[in-house]
2 protein chains.
Amino acid sequence: MKNKFKTRIKELRARHDLTQEQLADIVGVRRETIGHVEHGKYNLSLLLAHRIAQALESSIEEVFIFEEEN
Amino acid sequence: MKNKFKTRIKELRARHDLTQEQLADIVGVRRETIGHVEHGKYNLSLLLAHRIAQALESSIEEVFIFEEEN
DNA sequence: TCAATATGTTATATATAATTAACATTGCGT
DNA sequence: ACGCAATGTTAATTATATATAACATATTGA
């Protein structure tokens, strides 16, 4: 599991006028979890990624930018 | 984290002529892990989902079918 | 400036993904 | 029918995502 990713959560949150806490409530996790995900500290689960993308009206690929190694 | 998902891994594996073990090798996990994911036993990580999708030349959304609850 | 709200951050605890190993079953080729 | 490769499955262990709590640092508005 070498590669990493960046996220556009912060940007999309702003566009939707959502605080970390509001987004956390919507997707059913804690505020800190959203913060950690935004800062790339967690390799979050697929379901959480999906629910975040959903809440931000985007696809997973739009929210999470994967850095290819090759 | 209520919702679940189905996967098209088995079908896509067949199309790409890959055994569970070959796919596991490519994405860097164990054969059993692929099996468990195929059968929906794990809520796998986003990175693993991405690597599986990549190996199957598909997007995450094509490989993993999310069941909405509402 | 003060208070309130949002975010950063860290330590510890808990839930669960993923590993490992072992054995069972299924299917396919010869 | 036999043997082998692929897959199913389960139990125990390890690694790590997420929860929880606590406090610190912005930032914004009255």
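Just so it is clear: chains get the letters A, B, ... in the order the sequence lines come, proteins before strands, and each one is counted from 1. Model, not experiment: these values are computed from the prediction.
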Phosphate contact ([N] OP1 or OP2) by [X] side-chain N/O below 4.0 Å:
{"X": "B:S45", "N": "D:dT16", "answer": "no"}
{"X": "A:R13", "N": "C:dT7", "answer": "yes"}
{"X": "A:K10", "N": "C:dA6", "answer": "no"}
{"X": "A:Q20", "N": "C:dG8", "answer": "yes"}

**OP:** Grab the two heavy atoms, one from B:I26 and one from B:R51, that are nearest each other, plus how far apart they are.
**Re:**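 For B:I26 and B:R51, the tightest heavy-atom pair comes out as O-NH2, 4.0 Å.
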
Quick one: [X] [atom1] to [N] [atom2], roughly how many Å, whole number?
{"X": "A:I34", "N": "C:dT5", "atom1": "CD1", "atom2": "P", "result": "21 Å"}
{"X": "B:L23", "N": "D:dA6", "atom1": "CG", "atom2": "C1'", "result": "14 Å"}
{"X": "B:L47", "N": "C:dA18", "atom1": "CG", "atom2": "P", "result": "10 Å"}
{"X": "B:I52", "N": "C:dA17", "atom1": "CD1", "atom2": "P", "result": "14 Å"}
{"X": "B:F5", "N": "C:dA17", "atom1": "CZ", "atom2": "C1'", "result": "11 Å"}
{"X": "B:N43", "N": "D:dA17", "atom1": "CG", "atom2": "P", "result": "12 Å"}
{"X": "B:D25", "N": "D:dT7", "atom1": "CG", "atom2": "P", "result": "12 Å"}
{"X": "A:Q22", "N": "C:dT5", "atom1": "CD", "atom2": "C1'", "result": "11 Å"}

Subject >> Backbone of B:R8 reached by a side-chain donor or acceptor of B:E11 within 3.5 Å >> reply: no

Original post:
If only atom types and distance count, is the side chain of A:H16 paired as donor or acceptor with the main-chain N or O of A:L56 below 3.5 Å?
Top reply: yes

Original post:
With the sugar-phosphate defined as primed atoms, P, OP1 and OP2, and the base as all remaining atoms, what B/S/- string results for nucleotides 19-30 of chain D, 5' to 3', for protein heavy atoms under 4.0 Å?
Top reply: BBBB--------

**OP:** Give the nucleotide from the list D:dG8, C:dA6, D:dA6 with an atom nearest to the side chain of B:T19.
**Re:**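 The answer is D:dA6.
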
Nearest-0.5 Å distance that lies between atom [atom1] in [X] and atom [atom2] in [Y]:
{"X": "B:L18", "Y": "B:D25", "atom1": "CG", "atom2": "CG", "result": "10.0 Å"}
{"X": "A:K10", "Y": "A:H39", "atom1": "NZ", "atom2": "NE2", "result": "5.5 Å"}
{"X": "B:H50", "Y": "B:S59", "atom1": "NE2", "atom2": "OG", "result": "10.0 Å"}

**OP:** Kindly determine whether A:V27 and A:T33 satisfy side chain to side chain contact (heavy atoms under 4.5 Å, CB included), including the steps that lead there.
**Re:** CA-CA 11 Å; A:V27 305; A:T33 301; over 6 Å; no

Original post:
More 5' along DNA chain D: B:L18 or B:K41, using each one's nearest nucleotide?
Top reply: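 Result of the comparison: B:L18.
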
